Structures are given as C-alpha cells and as structure tokens.
Amino acid sequence: MTRTFVTLTEIKAARAVIAPHILRTPAVPSASLTERMGLPVHLKLEHRQITGAFKLRGALNALNSLSPDERQRGVVTASTGNHGRALAYASGLQSIRSVICMSNLVPGNKVDEIRKLGAEIRIVGTSQDEAQEEVEKIVARDGLVMVPPFDDPAIVAGQGTIGLEIVEDVPDVETVLVPLSGGGLIAGIAAAIKGLKPKTRIIGISMQNGAAMAASLKAGHPVSVVERQSLADSLGGGIGLSNNVTFGMVRALVDEVVLLSEEEIAAGIVHAYAQEREIIEGAAAVGIGALLAGKIRLQGTVIALLSGRNIDMDQHRRIVAGYQAGETMPCPA
Ligand SMILES: *Cc1c(COP(=O)(O)O)cnc(C)c1O
C-alpha cells in the first residue's frame with residue numbers, strides 16, 4: 001500500500017491553481033460566541049463558497065491534476081452530496097465531461113440540481129452501493145476517471161487552501177474547529193496550518209452517530225461503522241478500508257476528535273441562524289455545537305469552520321421551530 005502525505009508546498013501550489021475560480025471566504029468575529037466563551041471566537045464562512053460547500057476547492061484541484069488524455073475522457077463519481085455538486089460544477093467550468101451515478105432513491109430535486117450544474121446523470125438500482133458499482137463499470141468500460149471525495153492528495157491539497165486563508169486572516173489563531181468525516185478537509189487544513197504555525201491546535205468534530213474516522217483512530221487502522229441517520233448528513237460514510245492518505249494524516253496532525261449528539265448539532269444550526277444570521281447544514285454546525293456544549297477546552301483565539309449550507313430548507317425550518325418550541329435542548333443536562 002502506498003501512503004501519501006500532503007505538504008504545505010502542494011497546498012500553496014493548489015491555491016495558485018484554484019484561486020481564480022473560488023470565493024476567498026471571510027473569517028468574521030462572532031460577537032455572541034466571543035461573549036459566551038470569554039475569548040475571541042471567529043467563524044470562517046466557507047458555507048458561502050460557490051456550490052454551497054468547500055468541496056469545490058478539492059474538485060478544482062483534482063481536475064487540474066488530470067493528464068490531457070484523462071481530461072478528454074471525463075470524470076465520474078457516485079456522490080449526490082456536496083462532492084457531486086462540486087465536481088459537476090468544476091467540470092462544467094473546464095468543459096470536462098462529468099457523470100454522476102445515483103440510485104433511484106435520490107430525490108428528484110437533488111437530481112435536477114446536479115443536472116443543472118452540467119453533469120450527466122446515471123440512475124441505477126436502489127442503493128449507494130449499486131451506484132458505486134456503476135461508477136466502476138463506467139471507469140472500466142468508458143475510461144472515465146473516478147474522482148474520490150476525500151482520499152486523494154489533490155483533493156486534500158485543495159481543501160488545505162482554507163488553512164492558508166485562516167492563518168492570513170486570523171494570525172493569532174490557537175484553536176481550529178473543523179468538521180470531520182473522511183478527513184480530506186481536516187487533513188489539508190492541518191497540513192497547511194501546522195506547516196505555518198506548528199503549535200496551533202486542530203480539533204476534528206464528528207457526530208456520535210457513526211463516526212468512521214474516530215472509530216478508526218481508536219482501532220489504530222481504518223474500520224467500518226454502521227451508518228445511521230444524522231442531522232450532519234454530509235459527515236456520513238466510511239473512510240475506506242484501504243485508505244491511503246487521510247487516515248495517516250489525521251492520525252499525525254489532528255490533536256483531538258470530539259463527538260456530538262444530534263441535539264448538540266441542532267443547537268449549532270439554531271445558534272448560527274438566530275445569533276449569526278447564517279443558514280448552515282448540520283455538518284457545518286458542529287464547531288459551534290461543540291463550543292455551546294462545553295466540549296472544547298478553551299485556549300486562545302478560536303476559529304470554527306462553517307463548511308456548507310446545503311440543507312433542505314423545510315428541515316431547517318423544522319429544526320429552528322422545534323428549538324423555539326422547546327423540543328430540542330441546546331445543552332442536554
Ligand atoms: C464533505 C463535508 C465535510 C467533511 O469533509 P471530509 O473531507 O469528508 O472530512 C464537512 N462538511 C461538509 C458540508 C461537507 O460537505
């Protein structure tokens with residue numbers, strides 16, 4: 001098995017490639033969290049990125065790393081979430097063919113959104129596994145290139161560009177809170193920030209419901225976990241049993257992993273909306289949720305990364321209304 005470790009130099013190179021095509025998102029002070037926590041808290045508003053999540057950074061950098069021949073053949077993935085959206089959009093920008101495979105269970109509005117971004121859609125079977133099998137067929141039969149959502153050096157380097165922006169915009173940062181699933185996001189950010197400011201603490205945050213990276217770190221090798229429903233749906237899924245980039249990087253660079261209950265995630269969504277006027281999805285709310293739940297040891301200036309905003313708006317309304325009706329407690333006793 002080959003193991004790869006992405007470096008600060010690669011992340012700087014990725015920035016030069018993707019900068020013309022992305023938003024450089026702001027890091028803003030949060031008055032409400034600063035007052036509540038008693039130390040400076042900033043929010044990195046990456047949910048305002050084009051396509052509604054940071055995944056555009058990695059997708060653009062991955063496309064750039066393809067050979068001319070591979071670009072000619074096109075790219076394929078089974079993600080219907082933020083990675084699929086990002087890959088569809090980034091491919092469209094560069095006139096590269098993209099195919100997104102999905103099961104019959106994916107809701108029609110989601111299918112339409114990805115088609116509008118410029119991708120070809122293949123609908124097969126009734127599970128994510130069947131969609132993934134279709135990806136493998138297309139790779140073998142038509143020669144398209146599979147672009148994975150996180151376990152790829154070019155993807156990690158692209159996501160790491162967020163770390164460069166954080167250090168430039170909040171130079172005295174001491175603690176960085178990053179949503180954690182497959183680990184492409186936190187691996188890139190940690191490599192960038194520790195490369196520039198080695199003493200900065202990098203904390204990964206996942207949901208208690210099926211956190212594959214946390215379980216793998218505990219086991220000492222990649223393991224699979226039972227998938228369960230979560231408000232942080234973008235944090236679901238495994239890390240790959242033959243993971244060769246993100247697991248090693250997360251183990252080496254991430255200082256701590258914190259797990260949140262569904263109530264704590266909901267409290268993060270509600271706080272972002274009511275106090276910060278930001279609409280964010282569950283995966284993006286875990287930094288705020290962890291602060292509110294008292295699960296972060298407070299030390300120095302904190303920055304919480306808001307990673308995406310692609311939440312179903314009916315669900316968002318229900319979460320906010322439920323909280324106001326007292327159904328969801330921000331900090332369960
Ligand atoms: C993909 C995603 C994450 C997690 O990123 P990983 O690289 O898989 O750890 C967090 N938040 C949002 C909104 C995402 O789409």
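Counting starts at 1 for both ligands and their atoms, following the listed order. As the structure is a computational prediction, the values presented were derived from the model and not from experiment. Index from 1, following the sequence.
Between Asp112 and Lys116, none of the side-chain N atoms (NZ, or NE/NH1/NH2) sits under 4.0 Å from a carboxylate O, so this pair counts as no salt bridge. Salt bridge status for Glu278 with Arg309: absent, with no side-chain N to carboxylate O gap under 4.0 Å. Contact check on Glu174 versus Arg201 returns no salt bridge, with no Lys/Arg side-chain nitrogen under 4.0 Å from an Asp/Glu carboxylate oxygen. Under the 4.0 Å criterion applied to side-chain N and carboxylate O atoms, Glu256 and Arg297 are not assigned as salt-bridge partners. The pair Asp169-Arg24 counts as a salt bridge, with a side-chain nitrogen and a carboxylate oxygen less than 4.0 angstrom apart. A salt bridge between Lys194 and Asp255 is present, with a side-chain N of the basic residue lying under 4.0 Å from a carboxylate O of the acidic one.
Protein heavy atom in closest approach to atom 11 (N) of ligand 1: Ser307 OG, 2.7 Å. Among all protein heavy atoms, the one lying closest to atom 5 (O) of ligand 1 is Phe54 CZ, 3.5 Å. Nearest non-hydrogen protein atom to atom 2 (C) of ligand 1 is Lys55 NZ, 2.4 Å. For atom 8 (O) of ligand 1, the nearest protein heavy atom (residue, atom name, distance) is Gly182 N, 2.9 Å. In terms of protein heavy-atom proximity, atom 6 (P) of ligand 1 is closest to Gly183 N, 3.5 Å.
When heavy-atom distances to ligand 1 are checked against a 4.0 Å cut-off, Ile186 has no atom that comes that close, whether in backbone or side chain.
For ligand 1, the atoms closer than 4.0 angstrom to any heavy atom of Glu281 are 13 (C). Residue contact check: Asn82 has heavy atoms under 4.0 Å from atoms 13 (C), 14 (C), 15 (O) of ligand 1. Of all atoms in ligand 1, numbered sequentially from 1 with element shown, those under 4.0 Å from a heavy atom of Leu235 are 3 (C), 4 (C), 10 (C). With ligand atoms numbered from 1 in the order given, ligand 1 contributes 13 (C) to contacts under 4.0 Å with heavy atoms of Gly308.
Separation of atoms CD1 (Ile319) and CG (Asp314) is listed at 11.0 Å; rounding is to 0.5 Å. Between the CZ atom of Arg15 and the CD1 atom of Ile22 there is a distance of 8.5 Å, given to the nearest 0.5 Å.
Checked by distance only, ligand 1 and Gly184 come closer than 3.5 Å through their nitrogen or oxygen atoms. For ligand 1, none of its N or O atoms has an N or O atom of Pro179 under 3.5 Å away.
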